There are 2 protein chains.
Amino acid sequence: MCLALLDGRAWTAGELATHVGVAPSTATEHLHRLVKGGLLAERKQGRRRYVQLADPGAAQLVEDLAARLEPGPPTVTGLRAVTASAALRRGRTCYDHLAGRLGVAVTDAMTSRKMLDQDGGFALTPYGKQWLVSTLGVTLEGGRRPVARACLDWTERRHHLAGVAGARLCETFLARRWVTRIGTGRAVRLTPEGRDALRTHLGVDRLD
Amino acid sequence: MCLALLDGRAWTAGELATHVGVAPSTATEHLHRLVKGGLLAERKQGRRRYVQLADPGAAQLVEDLAARLEPGPPTVTGLRAVTASAALRRGRTCYDHLAGRLGVAVTDAMTSRKMLDQDGGFALTPYGKQWLVSTLGVTLEGGRRPVARACLDWTERRHHLAGVAGARLCETFLARRWVTRIGTGRAVRLTPEGRDALRTHLGVDRLD
DNA sequence: CCGACGGTTCGGTGACGGCCGAACTGGCGG
DNA sequence: CCGCCAGTTCGGCCGTCACCGAACCGTCGG
């Protein structure tokens with residue numbers, strides 16, 4: 001369930017129950033514990049109850065656990081499952097930022113263009129901040145949350161950009177329709193406009 | 001047990017058993033699972049078996065879990081326990097770097113002296129690298145491990161410096177006897193020479 | 001060579017936890 | 001007003017897991 005919630009959206013108890021294949025009563029029990037423990041936040045709307053990860057810290061924790069526990073995606077079988085997992089590997093959201101080959105490619109491009117410093121840690125350079133704020137028009141005020149943070153990509157086994165900057169970047173990509181969600185899941189697809197934008201802004205020609 | 005192992009040292013199975021108050025056979029069972037799961041590494045020496053956290057990633061995971069789960073140190077009672085926990089709050093090692101008020105103070109001083117950029121993320125500045133390498137004489141080669149990383153301090157509720165830089169800094173502090181270990185635990189004490197060094201190198205006058 | 005000691009293996013036990021089905025609650029819609 | 005649906009509560013069952021004591025194994029020291 002926590003893995004499913006990593007898409008950053010709010011799920012209903014019933015959705016999660018069928019998704020993981022347990023009875024609704026079982027799901028209810030688990031979700032109550034996770035809420036009481038502070039990992040999830042709940043929001044009641046009429047007769048249904050939505051849960052989502054409580055905060056970016058919770059998402060990071062789940063992500064880190066998953067990264068350590070999964071030595072690789074367990075071999076999927078069946079055409080449907082294979083295409084779905086291929087789409088996820090190509091591009092997806094990870095809580096509130098971009099991941100998969102797309103997320104890593106953006107991170108790499110920002111690094112080689114000196115917008116991101118991965119040499120002394122993981123931080124935006126002044127130029128990188130300027131690009132985000134002036135060129136893309138986002139704001140980087142984030143309260144106590146770090147502006148830039150490395151998040152280990154569990155399909156690519158590389159770091160991609162998370163934190164406030166990663167979240168704003170992902171919002172921008174979605175708002176400008178550089179990427180669109182595939183169906184209702186976490187997978188995203190790069191649009192032709194997105195392809196152009198990647199080339200002009202970041203010099204990324206193609207994603208393998 | 002994992003919390004105890006956060007001091008970075010290698011413990012024997014028996015030590016851990018008595019430390020957490022279970023039978024040796026129980027400890028053995030748990031430790032075998034943790035080793036098989038890749039969280040701990042074991043090293044046999046004669047008739048005893050040492051275990052320690054497998055890698056910095058494992059330490060980070062345990063630390064992050066602890067930071068999230070502990071809303072604060074559960075009120076300790078008794079003079080002995082109180083002084084011990086006060087010493088831990090003042091200064092300690094966290095796996096392989098400095099933590100507690102000492103660790104946070106060093107991190108803050110490096111930040112205000114522009115050695116560390118906490119504004120765009122968490123990274124050493126060129127000046128910070130130069131200070132570590134030229135003035136303190138450490139090397140920052142660390143393979144795949146990040147040079148600088150933020151680690152949430154569970155007593156101070158603030159970030160302190162971890163990663164390769166944090167580890168080298170801690171080694172230096174210990175080697176130059178700026179801090180010394182108190183007894184056999186994780187707690188460290190600032191020596192008079194350490195006090196001088198903090199003042200001359202980082203402009204830190206006193207730790208509250 | 002023998003005893004002490006650290007560690008492990010094994011069998012058994014008690015309890016806890018996950019899970020479900022059935023009954024119940026309360027919004028929502030016809 | 002009644003039926004439907006999402007979710008919850010409750011009771012009970014079963015599996016599993018933590019734990020321990022006792023026996024066992026190797027290593028070290030006398």
Side-chain angles (χ1 to χ4, degrees), chain A residues 1-55 58 61-63 65-66 68-71 74 183-186, chain B residues 1-55 58 61-63 65-66 68-71 74 183-186:
Chain A
M1 291 188 189
C2 290
L3 246 27
L5 286 164
L6 260 191
D7 65 356
R9 295 178 311 161
W11 293 54
T12 68
E15 280 171 340
L16 284 171
T18 58
H19 183 260
V20 302
V22 296
S25 53
T26 305
T28 282
E29 195 178 342
H30 282 243
L31 293 175
H32 272 135
R33 287 194 198 189
L34 291 168
V35 168
K36 192 157 58 172
L39 201 73
L40 303 186
E42 68 182 351
R43 183 163 41 92
K44 295 209 168 162
Q45 220 173 82
R47 65 177 157 185
R48 57 185 53 177
R49 173 211 198 189
Y50 290 96
V51 290
Q52 59 184 356
L53 291 170
D55 55 81
L61 191 58
V62 173
E63 187 75 18
L65 275 170
R68 186 156 194 103
L69 295 183
E70 295 187 67
T184 62
R186 317 170 48 177
Chain B
M1 291 189 191
C2 290
L3 246 26
L5 286 165
L6 260 191
D7 66 357
R9 294 179 313 161
W11 293 53
T12 68
E15 281 171 341
L16 285 170
T18 59
H19 183 260
V20 302
V22 296
S25 53
T26 306
T28 282
E29 195 179 340
H30 282 241
L31 292 175
H32 272 135
R33 287 195 199 185
L34 291 168
V35 168
K36 192 157 59 174
L39 202 72
L40 303 186
E42 68 182 350
R43 183 163 41 90
K44 295 210 167 165
Q45 220 173 82
R47 65 178 155 181
R48 57 187 50 177
R49 175 211 197 191
Y50 290 96
V51 290
Q52 59 184 357
L53 291 170
D55 55 83
L61 192 58
V62 173
E63 186 74 17
L65 275 170
R68 185 156 196 104
L69 295 183
E70 294 186 67
T184 61
R186 316 170 47 177

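Because the structure is predicted, anything quoted here is derived from the model rather than measured. What you see below is based on every heavy atom in this structure, not just the backbone, and it leaves out hydrogens, waters and symmetry mates. Labels below follow one simple rule: chain letters A, B, ... track the order of the sequence lines, proteins then strands, and each chain is numbered from 1.
- Minimum interatomic distance between A/A17 and A/A27 (heavy atoms only, all atoms of both residues): CB-CB, 3.6 Å.
- Sequence order on DNA chain C of the closest nucleotides to A/G21 and B/K44 puts B/K44 first from the 5' end.
- Across the interface with DNA chain C, nearest-nucleotide mapping of A/T26 and A/Q45 shows A/T26 to be the residue nearer the 5′ end.
- Going from atom CG of B/L65 over to atom CG of A/L61 covers 5.0 Å, rounded to the nearest 0.5 Å.
- Taking CG of A/L5 as the reference point, atom CG of A/L31 lies at 7.5 Å (rounded to 0.5 Å).
- Checking side-chain atoms of B/R68 against main-chain N and O of A/G38 turns up a donor-acceptor pair under 3.5 Å.
- Of the two residues contacting DNA chain D, namely A/T28 and B/S25, the nearest-nucleotide position lying further toward the 5' end is that of A/T28.
- Along DNA chain C, read 5' to 3', the first and last nucleotides having any atom under 4.0 Å from a heavy atom of chain A are C/dG18 to C/dC28.
- Results of the side chain to side chain donor-acceptor pair (under 3.5 Å) test with B/E42 over B/H32, B/R49, B/Q52 single out B/R49 as the only residue that passes.
- Closest heavy-atom contact between B/R186 and B/L6: NH1-CB, 4.0 Å.
- With values rounded to the nearest 0.5 angstrom, B/E29 atom CD is found 11.0 Å from B/L34 atom CG.
- When DNA chain D is scanned in the 5' to 3' direction for atoms under 4.0 Å from non-hydrogen atoms of chain B, the outermost contacting nucleotides are D/dA18 to D/dC28.
- When all heavy atoms are compared, the tightest approach of A/W11 to A/E15 is CA-OE1, 3.4 Å.
- Toward the 5′ end of DNA chain D lies the nearest nucleotide of A/R47, the other residue of the pair A/R47 and A/E42 mapping further downstream.
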